[in-house]
Every structure is written in structure tokens, then in C-alpha cells.
Amino acid sequence: MNELSRRSMLGELSGLARVGATLLLPANSRVEEKRREPDRKLKVVAIGGHFDDPQTCAGGTLTLFADQGHDVVALSLTGGPPPALGANAEERSVKNRLNAMKMAEILKIRLDCLKYGGSNSGQFTLPVVYGTGSEITGQRYKEFSEILLDKYKPDIVLTHWPIDFHMDHRAASLLTYSAWLSSGKKFPLYYMEAELGTQTQNFYPTHYVDITSVEERTHEAWKANTLWYDKIWPLHDLMRRMRGAERGCKVAEAFNHHPQSPSTPALPGHAQ
């Protein structure tokens with residue numbers, strides 16, 4: 001037999017061996033191979049004291065999740081139902097809510113609002129050093145836990161850092177923490193920051209998310225926040241550029257991962 005014929009025969013035998021090996025695989029292995037499906041759709045919930053907090057504190061990260069096809073909800077303690085069709089769009093509280101809805105639309109996420117009240121009664125007058133704030137009671141803890149766990153069934157949750165100047169931010173953080181405990185510490189819990197230390201105090205990042213690819217879209221969302229853009233945007237812009245420098249990219253958002261919560265599912269493209 002010449003060399004060419006031997007090579008041909010070896011090639012055929014090799015092919016037969018591969019087919020035979022495939023046929024000898026356990027049936028469930030072949031089924032699993034055929035059932036390769038994309039990663040499951042995650043339920044991502046960002047919880048803020050006010051209806052613009054998730055968008056301003058973690059808008060880039062939420063946008064990245066949304067662009068990956070996940071179900072992303074910005075959940076506010078305050079705000080209640082959307083303004084009625086005949087509401088005065090120039091009234092401060094109405095305009096704030098409409099702006100927050102526009103921000104969510106630009107980021108392609110959903111905005112849901114509870115009606116827990118707030119120290120500013122929707123007016124967002126700063127500095128906030130007065131008012132009753134969002135009420136925190138045993139019944140409120142139970143109620144919020146049921147809402148978060150039964151209605152939203154989150155796979156991953158972001159909320160305010162518990163040491164924050166604003167009492168409504170602190171309330172959101174504590175309610176979320178209690179719900180996480182009630183879940184059996186089931187889902188990853190991440191804390192977000194606000195306003196470069198003027199709000200969030202003593203924050204230290206454990207994770208960064210590079211948001212450079214959605215920088216322009218998040219800025220457009222910020223522009224929709226017309227009542228607060230000039231006052232608050234410079235702080236957040238500097239904050240995300242500073243976090244970007246720490247991360248080694250142009251702009252980033254920083255988070256603190258609760259060490260007792262799962263590490264998966266992870267933040268999009270995060271680096272520790």
C-alpha cells in the first residue's frame with residue numbers, strides 16, 4: 001500500500017473513531033449539547049430613595065445590563081403613581097417625576113415608584129436636614145421585603161450605601177438590607193455611591209464597572225434631569241472619571257459588594 005493510501009485510510013479510521021466516541025457518550029450529554037441556550041434573563045433591581053437615584057448613581061451599569069437583554073428595574077421608595085395626564089408639567093414635583101421617567105426611558109430601564117413619602121415631599125430641596133423621611137417601622141420592613149422578594153424576585157440588587165447624608169437614601173439601604181436578610185442572603189447585594197462624598201460617606205469600592213461604552217447615553221439621561229443637572233452633574237461626572245482612573249478606563253461606576261452575598265451573577269464586565 002502506498003503512502004497516500006495509508007494516509008487516506010488513517011483519516012477515515014480517525015473520523016470513524018470520532019463518530020464512535022460521540023455515539024458512546026451518555027444520552028444526557030448529547031441532549032445537553034443540543035440544548036445549548038443563551039444565559040438566562042436576569043432580574044436586576046436598583047433601589048433608591050428617590051425616583052432619580054438609580055439612574056444617577058448606577059445608570060451606566062443598569063444600561064449595560066439592559067443592553068445585554070436583562071430585565072432592569074429602578075425602584076424608588078418615593079413618587080407614587082405617575083402624574084395624571086392633566087398635571088401641570090411645570091410644577092416642581094411633577095417635573096421631577098417626568099424627568100426621572102425620561103431618564104429611565106433613555107437608559108432603556110423601567111422605573112417603578114412606591115409611595116413611602118420622603119423628607120422632601122417630592123420637592124428635592126437641598127440641603128436636607130429636616131423632615132420625617134421615609135418611615136422605617138417593623139411593618140415597613142416586612143412590607144418592603146414582601147414587595148422586593150415576591151413581586152420583583154431579583155437576581156441581583158443595587159442600593160445606597162448605608163452611611164449617607166440623605167435620610168431617604170439610608171432608609172432605602174436599610175429596607176433593602178432587611179429584605180436581603182429575609183431572602184436568606186440569596187442574591188448579590190451591591191452598594192452604590194452618590195455625589196462624590198457630599199452624600200455618600202466613607203465609601204470604599206470593591207468592584208468597578210467600565211461604563212465608557214455608554215458614557216454618552218448616560219450623559220443624555222442626566223441632561224433630562226433638568227432641575228438638578230447643573231448642581232449635581234459636575235459631582236457625578238468627576239466621580240465617575242475618578243473611578244475610571246482607578247479602574248484604568250475613561251469613566252466607571254464603583255460599587256461595594258456585601259461580602260456575605262453571592263458573587264454571581266456578577267456586574268457587567270466588573271473588575272475587583
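Predicted model, so just to flag it, every value in this text is computed and none were measured.
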Centroid-to-centroid, His160 to His166, below 6.0 Å? no
Could you tell me whether the side chain of Leu158 reaches within less than 4.5 Å of the side chain of Ile47, counting heavy atoms only? no
Between the main-chain N or O of Phe51 and the side-chain N or O of Gln55, is there a donor-acceptor pair closer than 3.5 Å? yes
Donor-acceptor check, side chain of Asp155 to backbone of Lys43, threshold 3.5 angstrom: yes or no? yes
Are Leu196 and Val251 connected into the same hydrophobic cluster when the rule is that any two of I, L, V, M, F, W, Y join if their side-chain heavy atoms are below 4.5 Å apart? no
Gly49 backbone acceptor or donor facing Asp53 side chain under 3.5 Å: yes
Quick one, Thr78 and Cys113 - any side-chain contact, counting heavy atoms below 4.5 Å? no
Please evaluate residues Asp112 and Tyr152 with respect to the criterion side chain to side chain donor-acceptor pair (under 3.5 Å), reporting the C-alpha separation (whole Å), side-chain torsions for both, the decisive distance (0.1 Å), and the verdict. CA-CA 11 Å; Asp112 286 356; Tyr152 292 99; 2.8 Å; yes
Do Asp210 and Lys250 meet the salt-bridge criterion of a basic N to acidic O distance under 4.0 Å? no
Shortest non-hydrogen contact from Leu149 to Ala179? CD1-O, 3.6 Å
Just by modelled atom types, is the Ala194 backbone N or O under 3.5 Å from a matching donor or acceptor in the Thr200 side chain? yes
Between Thr198 (side chain only) and Glu195 (backbone N and O only), is there a donor and an acceptor less than 3.5 Å apart? yes
Between Asn256 and Glu193, does a side-chain contact (heavy atoms from CB on, under 4.5 Å) hold up when you go through it step by step? CA-CA 9 Å; Asn256 180 285; Glu193 60 179 338; over 6 Å; no
Apply side chain to side chain donor-acceptor pair (under 3.5 Å) to the pair His236 and Tyr229, showing each step before the final yes or no. CA-CA 10 Å; His236 275 263; Tyr229 178 81; over 6 Å; no
Within the 4.5 Å heavy-atom criterion, are Leu227 and Arg92 side-chain neighbours or not? yes
Checking His257 now: which residues fulfil side chain to side chain donor-acceptor pair (under 3.5 Å) with it, not counting sequence neighbours? Ser261
For a 4.5 angstrom cut-off between non-hydrogen side-chain atoms, does Met103 reach Asp52? yes
Does any non-hydrogen side-chain atom of Leu107 lie less than 4.5 Å from one of Leu62? no
Do Glu220 and Lys102 sit within salt-bridge range, that is, some charged N less than 4.0 Å from a carboxylate O? no
Could you tell me if the ring centre of Trp161 sits under 6.0 Å from that of Tyr204? yes
Has Arg240 got a side-chain atom pairing as donor or acceptor with Ile211's backbone, closer than 3.5 angstrom? no
Does Glu253 use its side chain to pair, donor to acceptor, with the backbone of Thr61 at less than 3.5 Å? yes
Rounded to the nearest 0.5 Å, what separation is found between the OH atom of Tyr191 and the NE2 atom of His207? 14.0 Å
Say whether, by atom type as modelled, one donor and one acceptor occur between the side chain of Arg243 and the main chain of Leu238 under 3.5 angstrom. no
Are Pro262 and Lys186 packed together at the side-chain level, in the sense that at least one heavy-atom pair is separated by less than 4.5 angstrom? no
Side chains of Ile156 and Phe65: does their closest heavy-atom pair fall under 4.5 Å? yes
Mind checking the SG-NE2 spacing from Cys57 to His50? Nearest 0.5 Å is all I need. 10.5 Å
Under 3.5 Å, side chain of Thr63 to main-chain N/O of Gly59, donor-acceptor pair present? yes
Glu143 side chain to Tyr116 side chain, donor-acceptor N/O pair below 3.5 angstrom: yes
Tell me whether the count of non-hydrogen atoms from other residues, nucleotides or ligands lying under 6.0 Å of CG in Asp150 goes above 12. yes
Quick one: are Pro83 and Met101 in side-chain contact, heavy atoms under 4.5 Å? yes
